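Beneath this line is the structure, given in structure tokens, with notes to follow.
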There are 2 protein chains.
Amino acid sequence: MTNSKSDTEKVILEAARKVFIRKGLDGARMQEIADEAGINKALLHYYFRSKEKLFKMVFREAMGKFFPSMLMILGSQDIAIEKKVEVFIEHYIRIIQENPFIPSFIIGELNKNPGQLTEFFVESGMDTSRVSFIIEEVLAKELKISTQQARHLVVNIIALSVFPFVSRPLLEKIIFHSNKDEFDQFVSERKSVIMNLIGTSIYR
Amino acid sequence: MTNSKSDTEKVILEAARKVFIRKGLDGARMQEIADEAGINKALLHYYFRSKEKLFKMVFREAMGKFFPSMLMILGSQDIAIEKKVEVFIEHYIRIIQENPFIPSFIIGELNKNPGQLTEFFVESGMDTSRVSFIIEEVLAKELKISTQQARHLVVNIIALSVFPFVSRPLLEKIIFHSNKDEFDQFVSERKSVIMNLIGTSIYR
DNA sequence: CGCTGTTTTAACTATATGGTTAAACCGTAC
DNA sequence: GTACGGTTTAACCATATAGTTAAAACAGCG
């Protein structure tokens, strides 16, 4: 058996992450998570009380991989805005590549339970006024564009970065004829494609 | 009771569409679909055999809303390519606005069962070689760009069109402070933002 | 060692779920 | 009216599921 309480919690969380992210809340089974963790199912309840509480932790953690660091990059004061956008794109694509299933997981679960899941995330400390500040006072000001244009910019970057991953099964099948190497090549080009596209809109 | 077999099938399909698209395969309950349809649950099995078969029909139908018409628009021979891209973007955004939950549904379900769901769609008649033809022989040729660039273009258009909808709960909360009117205003601007962005990359 | 608190286990529970069954009902044709 | 095939219903069923329970096992301390 594991050495201590914190190890068991960790083992459970790791297993839950794997299972929830691929199966979603409804599709995941507590026994499956227990099997993945190599523990007795009753421990899930002992440590986390319920399936939903366990899911909440995994969901918040998943969200937390994507948003806070974006604030840090765009909010930093010692880099030129164009460079910040570049680093942001680079960073974003890298995070997605390291966690390719998380965007689909978030999108799918949000569709099923938008209200509560958004609250889970906001509760976790997401500072929405900080986001607005970054968009209005940093992006818009430094790029000399309107707040709304800055919003569009952020959404465009995220959209262009995320989409190939969330639609991967389809793109591979339909456009790349199940050729994974070609798809991977396509993905490796995304950074420069996005930079060019976004770059022209910033400089225009 | 309904008048005939075809009415009962229709009523079931409509109810199943509503429930599956919001709850997904695992989250939807057969009793819930029966309640939504106002029929006895056993009829679901009588007409459609199983939950999965019913889901398959709904999934294929949902996919069918998004892809075939894109081929028609881009494949038509009597419009200038730039106009075709414009009509494509316009059409795509309109379809999404009319079916705002479908993209999230597709993305979420694909994450859970990529192999089989992709097959469901391909089985339904999606002509992947026709897609390649459109990308290579129409888009790439007419725009005088490489096949790979044409692929990026299609993915960019879809990404920019779809993303605000799949991330709506979050965007509304984080960027628009739950102001639905502002979000709707933002969405209404997407067409022109996307056209400008894509337009500059086409003409560059 | 005994005690206490914590962790883990195996068995159990109440309820839900997708699916089945048999009979009742309906519409049509003779 | 009867017979027949198709549709619908209410009850039922086998299994799965999240969660509970009580006891065993463990760890640390005096």
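Model, not experiment: these values are computed from the prediction. First the proteins, then the strands, lettered A, B, ... as listed; each starts at 1.
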For the pair made of CG in B:L43 and C1' in C:dT20, what is the distance, rounded to whole Å?
-> 13 Å

Taken to the nearest whole Å, CD/A:Q31 to P/C:dT9 is 12 Å

Do the rings of B:F20 and B:F55 sit parallel, tilted or perpendicular, given the 30° and 60° boundaries?
-> perpendicular

I'd like a table of donor-acceptor pairs (distance under 3.5 Å, sequence neighbours excluded) in which one partner is a side-chain atom from residues 131-138 of chain B, with atom names and distances.
unit_1 : atom_1 : unit_2 : atom_2 : d
B:S132 : OG     : A:H177 : NE2    : 2.6
B:S132 : OG     : B:T128 : O      : 3.4
B:E137 : OE1    : B:K141 : NZ     : 2.6

Here the distance between atom C1' of D:dT17 and atom CD of A:E52, to the nearest Å, is 15 Å

Mind checking what makes side-chain hydrogen bond (donor to acceptor under 3.5 Å, both in side chains) contact with A:H91, not counting sequence neighbours?
-> A:S69

Nearest-Å distance, CD (B:E32) to P (C:dA16)?
-> 14 Å

Could you check which of C:dG18, D:dT7, D:dA18 has an atom nearest any side-chain atom of B:Y46?
-> D:dT7

Taking CG from B:L44 and P from C:dT17, how many angstroms apart are they, rounded to a whole number?
-> 14 Å

Just to confirm, is there a sub-4.0 Å distance from OP1 or OP2 of D:dT7 to any side-chain nitrogen or oxygen of B:T8?
-> no

Would you jot down, in residue-number order, the residues of residues 20-30 of chain B having a non-hydrogen atom under 4.0 Å from DNA chain C?
-> B:A28, B:R29, B:M30

Would you say a side-chain N or O of A:S50 is under 4.0 Å from OP1 or OP2 of D:dA18?
-> no

Separation of D:dC13 P from B:H45 NE2 (nearest whole Å) = 16 Å

Who are the side-chain hydrogen bond (donor to acceptor under 3.5 Å, both in side chains) partners of A:E14, not counting sequence neighbours?
-> none

Side chain to side chain contact (heavy atoms under 4.5 Å, CB included) against B:A15, all qualifying residues, sequence neighbours excluded = B:I33, B:E36, B:A37

d(CD1, B:I39; P, C:dC26) in whole Å = 17 Å

With sequence neighbours left out, the residues meeting ring pair (Phe, Tyr, Trp, His ring centres under 6.0 Å) with A:F48 are none

Ring pair (Phe, Tyr, Trp, His ring centres under 6.0 Å) partners of A:F163, counting only residues at least two apart | none

Mind telling me whether B:F66 and B:Y92 have parallel, tilted or perpendicular rings, with 30° and 60° as the class edges?
-> perpendicular

Angle separating the five-pair end axes of the helix from C:dC1-D:dG30 to C:dC30-D:dG1, nearest 10°, is 10°

Partners of B:F101 by ring pair (Phe, Tyr, Trp, His ring centres under 6.0 Å), sequence neighbours excluded?
-> none

Summary of side-chain hydrogen bond (donor to acceptor under 3.5 Å, both in side chains) pairs that have at least one residue in residues 154-172 of chain A, sequence neighbours excluded = A:N156-B:R190, A:R168-A:E172, A:R168-A:D184, A:E172-A:K180

Would you list the protein and nucleotides 11-14 of chain C atom pairs, both N or O, that sit under 3.5 Å from each other?
none

Rounded distance in Å - CZ (A:F48) to P (C:dT7) = 12 Å

Test side-chain hydrogen bond (donor to acceptor under 3.5 Å, both in side chains) applied to B:N40 - qualifying residues, sequence neighbours left out = none

